[in-house]
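Below, read A as the first sequence line, B as the second, and so on, with proteins coming before strands; counting in each chain starts at 1.
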Number of protein chains: 2
Amino acid sequence: MPATSQRPNAGTKGVPRADREAQIVEAATEIFGTRGFAATSVGDIAERAGISKPLIYNYFGSKEGLLRACLHRAIDILAGEFERIASGDAVGLERALRTLEGTFALLEPQPWIWRLFFDPTIPRGEEGIAAELAHYADRFTALAEEGVGEMMRLAGVDDPLDISALTAVWMSVADSLVTWWLEHPEETPASMSARCLRLFQVVLSAPLPPGLAAE
Amino acid sequence: MPATSQRPNAGTKGVPRADREAQIVEAATEIFGTRGFAATSVGDIAERAGISKPLIYNYFGSKEGLLRACLHRAIDILAGEFERIASGDAVGLERALRTLEGTFALLEPQPWIWRLFFDPTIPRGEEGIAAELAHYADRFTALAEEGVGEMMRLAGVDDPLDISALTAVWMSVADSLVTWWLEHPEETPASMSARCLRLFQVVLSAPLPPGLAAE
DNA sequence: CTGGTAACTTACCCATTAGTCATATCGTTG
DNA sequence: CAACGATATGACTAATGGGTAAGTTACCAG
């Protein structure tokens, strides 16, 4: 028997660091992604992950370091595959549909990761994580803008502001579908894709508003 | 001359309570709306409004009370007009365009108010403001769902989940356009409306993806 | 069985910030 | 002009939450 036992729960539980880190990052990503960085406390994350707060600081150094780890994992999951999807040979609305399908498949395990890149509550100090985050968010935005711009040029529009606005709309559409999915967990990637096809169909087959009919 | 002067700036400045309240609410709405509730401190708001923190507590009781006041003003500005716009006789995409136009005109003075209703950093305790907020957010959602549902029934779709998803998408589209506007302050409500018309045109005139062409 | 190290936790520190108190000035009114 | 209520603030308290110090337990190599 040990001489003293003032910290009854202390001591290792035999979980390797890599495993714990993954587990913590997973929990953190979910809470950061749903509640926002600013509204989340490190204590909340520790509780959710079933460990204590100092372990997080041991492994990640700071709240921001934890966020950085979440981001890097998110990048690993998304970046390559996302560019592959976006660089297919489809254009216009078909490219949009393919991108949505790919996104749903990618995000299936944890849709929250997407939110990290566009969390408005992350402190916007020039230095630190904000810059890094902006870099990756911009990569996704650039990808989207490329697709949107291509479609608009086909339609004879090339006003950069129009492209910028429609890109924002498009990304928001994708985001809202992921969010909706979050609230309907029984949906599969396949059923989401099918649903999107139906929704496109409804919108595109709707009667044109006046002033927009001809041309 | 007064006997003592230990608080040099104390004392009334002759601003009636109603005016001060309006001024504070205006400042608070802007900061809450852009940075999020959780990431905003009462001190920041006081500084922005040019008054001291205790005055806010004097008038609104708590940070949550201040948010409630912001919400009520937002309701006053939006609710009636919004319902009038939505209850016009337009349907489908024309109703959508009309709603956007009305929204831009309404939000012109302070686009931030819109964000209050969908701020994810507001504490989600069952009791308190969250319930009230959900009530109003649901009213807007119901309005949108009515319009979307009408359009979808015209297109022969009546799956409630499809309606729910497209409603989420539609609200997100409106939100993203307001956000985009926030980042392009030189735009007027009229130019935003015109831009939306062009964007609709591009999307609707795009070549249909395969598998979606015929019926 | 004896170190050393990696995996843990309790109990704390301290900066920020929600919220309060006591006080000060002004306008009005009898 | 005295008294009062409304408008206002500097200086405090208390709690939250990021971050740390120091110690506890388990495993493993010699």
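In this structure, the CZ atom of B:Phe60 is 18 Å from the C1' atom of C:dT20, given to the nearest Å. Atom CD in A:Glu21 sits roughly 13 Å away from atom P in C:dA6 (whole-Å rounding). Between A:Ile51 atom CD1 and C:dT10 atom P there is a gap of 11 Å when expressed in whole angstrom units. When the P atom of D:dG17 is taken as reference, atom CD of A:Glu64 falls 19 Å away, rounded to whole Å. One can place CG of A:Leu55 at 16 Å from C1' of D:dA22, the figure rounded to the nearest angstrom. Between the CG atom of A:Asn58 and the C1' atom of D:dA22 there is a distance of 12 Å, given to the nearest Å. Rounded to whole Å, the distance from CD1 on B:Ile24 to C1' on D:dA8 is 11 Å. One interatomic measurement links the two molecules: CZ of B:Arg17 to C1' of C:dG27, which rounds to 17 Å at whole-angstrom precision.
The pair A:Arg95-A:Asp89 does not meet the salt-bridge criterion, since no charged nitrogen lies less than 4.0 angstrom from a carboxylate oxygen. Ionic pairing of A:Asp162 and B:Arg198 is present here: one or more N-O contacts between side-chain nitrogen and carboxylate oxygen are shorter than 4.0 angstrom. At a threshold of 4.0 Å, the pair B:Lys53-B:Glu47 does not count as salt-bridged, since none of the basic side-chain nitrogens sits closer than that to a carboxylate oxygen.
Of the candidate nucleotides C:dA18, D:dG19, D:dA8, D:dA8 has the atom nearest to the side chain of B:Val15.
In terms of phosphate contacts, B:Lys13 brings no side-chain nitrogen or oxygen within less than 4.0 Å of OP1 or OP2 of D:dA8. Side-chain N/O atoms of B:Tyr57 include one lying less than 4.0 angstrom from OP1 or OP2 on C:dG19. Of the side-chain N and O atoms in B:Arg20, one or more sit less than 4.0 angstrom from OP1 or OP2 of D:dA8.
Contact of A:Lys63 with D:dG19 (side chain to base): no donor-acceptor pair of N or O atoms is detected under 3.5 Å. Contact annotation: side chain of A:Lys53 to base of D:dG17, donor-acceptor pair absent below 3.5 Å.
A donor-acceptor pair is defined here as one N or O able to donate and one able to accept, closer than 3.5 Å; such a pair exists between the side chain of B:Thr40 and the backbone of B:Gly36.
Applying the ring-ring contact (aromatic ring centres under 6.0 Å, His included) test to B:Trp180 and every residue at least two apart in sequence or in another chain returns B:His184.
Using a 30° and 60° split on the angle between ring planes, A:Tyr136 and A:His72 fall in the perpendicular class, above 60°. Using cut-offs of 30° and 60° on the angle between ring planes, the pair B:Phe140 and B:Trp114 is tilted.
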Considering only nitrogen or oxygen atoms on both sides, find all protein atoms under 3.5 Å from nucleotides 13-16 of chain C and state each distance.
none

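With DNA chain D read from its 5' end, the first of the two nearest nucleotides for B:Pro54 and B:Ala18 is the one closest to B:Ala18.
Backbone-only contact: B:Tyr59 has heavy atoms under 4.0 Å from sugar-phosphate atoms and none from a base. Among the heavy atoms of the strands lying under 4.0 Å from A:Ser41 are primed sugar atoms or P, OP1, OP2 only; no base atom is included.
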